[in-house]
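My questions will all concern the structure given below.
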2 protein chains.
Amino acid sequence: MERSTRQRTLIAGLLARAERPLSIAELLALGRAELPGLGQATVYRTVRELVESGELHAVEIPGAAITYERAHHHHHHFHCRRCERVYEVEGCPPGLTALTPAGFRLESHEVILHGLCAGCSA
Amino acid sequence: MERSTRQRTLIAGLLARAERPLSIAELLALGRAELPGLGQATVYRTVRELVESGELHAVEIPGAAITYERAHHHHHHFHCRRCERVYEVEGCPPGLTALTPAGFRLESHEVILHGLCAGCSA
DNA sequence: TCATTAATGATAATTAATTATCAATATCTA
DNA sequence: TAGATATTGATAATTAATTATCATTAATGA
């Protein structure tokens, strides 16, 4: 059966508290602040389990490390070119159907904004 | 000095004629149709040179192989989930500034549409 | 509390994509 | 046309990310 360990509680907690998707490296660094011995393999394992159970979503952005966020309503992302962090963005641009070529069936879409986050543009 | 070889001419020609971005595997397959002995390393090498010279752009789409297209005006892409091909899409959705969080500086963006292309939805 | 055994962490192994190596070949200049 | 050498193609090597291995540790039920 599955056990509730300090590591799992910690990792799930970090993702629950995070206001933005986190990478494996970020989870490992944040996790080690609270649990110094935390192993990379444990982070990978735990994240994979959470993705497989549908609790987490992978956010893949070209040029950025894969990040993970709690699964929730449709939204998009902003990638800061300076601190490399990924942020969630609310809302959806209109007019995507108009971009779709004739005869194509549009099923989903993703929008990735690039630039500087508030902290890095200050 | 740089030499004009059959391989380079072929690869550049394929990309010039293509109406959509091509992956290394597609370039290799298309290339071998005309030049059976074409080596994978040559495709990689030639594509890298063309990217470095600014003639080609890499198109990175999560879940799809990296594809390459001739560098030209700003546009977006459509990824077909059935044939896995990537297509160019003209135009840009409005209202991206409205999505950008306060204090963030928007510098660029990418839009990726997913679904079925004309051939695969027929 | 103790015994069972799932989970952990260090590290080796794997994977997929790309690059380096190098002998053979083809291009280009004289 | 011939010689110099850039390019090619087969394959080995590399790289980065992720997964497997396994002895040790720790969570849970009796």
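Numbered from 1 within each chain, the chains take letters A, B, ... in sequence-line order. As the structure is a prediction and not an experimental result, all values here were calculated from the model.
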Name every donor-acceptor pair, under 3.5 Å, that has one atom in a side chain of residues 84-93 of chain A and the other anywhere in the protein, sequence neighbours excluded.
{"from": "E88(A)", "atom 1": "OE1", "to": "H72(A)", "atom 2": "NE2", "distance (Å)": "3.0"}
{"from": "E90(A)", "atom 1": "OE1", "to": "H73(A)", "atom 2": "NE2", "distance (Å)": "3.0"}
{"from": "E90(A)", "atom 1": "OE2", "to": "H73(A)", "atom 2": "NE2", "distance (Å)": "3.4"}

Legend entry - Atom-pair distance (CD on E52(B); P on dT18(C)), nearest Å: 14 Å

Inset, instruction - Please state whether the base of dT19(C) and the side chain of R48(B) form at least one donor-acceptor pair under 3.5 Å? - result: no

Inset, instruction - Could you check whether R45(A) gets within reach of a base, just the sugar-phosphate, or nothing at all, counting any heavy atom under 4.0 Å? - result: base

Legend entry - Y44(B) or T46(A), whichever maps to the more 5' nucleotide of DNA chain C: T46(A)

Legend entry - Phosphate OP1/OP2 of dT7(D) contacted by R8(B) side-chain N/O (<4.0 Å):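 R8(B) to dT7(D) OP1/OP2: side-chain N or O found under 4.0 Å.
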
Legend entry - Donor-acceptor pair between E69(B) and H77(B) side chains, under 3.5 angstrom: yes

Legend entry - Nucleotide dC28(C), atom P - distance to CZ of R6(B) in whole Å: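 So the CZ-P distance, R6(B) to dC28(C), works out to 14 Å.
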
Inset, instruction - For the side chain of T42(B), starting at C-beta, report the closest nucleotide among dG9(C), dT8(D), dT28(D). - result: dT8(D)

Inset, instruction - Take the protein atom CD of E49(A) and the nucleotide atom P of dT8(C), then report the distance between them rounded to whole Å. - result: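 Those two atoms, CD and P, are 7 Å apart.
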
Legend entry - Gap between atoms CG and P, on L27(B) and dA17(C) respectively (whole Å): 15 Å

Inset, instruction - Take atom CZ of R3(A) and atom P of dA27(D), then tell me their distance rounded to the nearest Å. - result: 9 Å

Inset, instruction - For the side chain of Q7(A), starting at C-beta, report the closest nucleotide among dT8(C), dT7(D), dA26(D). - result: dT8(C)

Inset, instruction - Could you point out which residue of E107(A), R105(A), E110(A) forms a side chain to side chain donor-acceptor pair (under 3.5 Å) with H114(B)? - result: E110(A)

Inset, instruction - Would you check if the distance from the ring center of H109(B) to the ring center of H74(B) is below 6.0 Å? - result: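 Yes: the rings meet the under 6.0 Å criterion.
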
Inset, instruction - Provide, to the nearest angstrom, the distance between the CG atom belonging to L28(B) and the P atom belonging to dT8(D). - result: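 That distance rounds to 13 Å.
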
Legend entry - Distance, rounded to the nearest Å, where L10(A) contributes CG and dA27(D) contributes P: 13 Å

Legend entry - T5(B) side chain near dA26(C) phosphate (N/O to OP1/OP2, under 4.0 Å): no

Inset, instruction - Take the protein atom CD1 of I66(A) and the nucleotide atom C1' of dA16(C), then report the distance between them rounded to whole Å. - result: 13 Å

Legend entry - Phosphate OP1/OP2 of dA17(C) contacted by Q40(B) side-chain N/O (<4.0 Å): no

Legend entry - Nearest-neighbour nucleotide for the R32(A) side chain, dA7(C), dT18(C), dA10(C) considered: dA10(C)

Below 3.5 Å, can you tabulate the donor-acceptor pairs from side chains in residues 33-47 of chain B to any protein atom, sequence neighbours excluded?
{"from": "T42(B)", "atom 1": "OG1", "to": "R45(B)", "atom 2": "NH2", "distance (Å)": "3.3"}
{"from": "T46(B)", "atom 1": "OG1", "to": "T42(B)", "atom 2": "O", "distance (Å)": "2.7"}

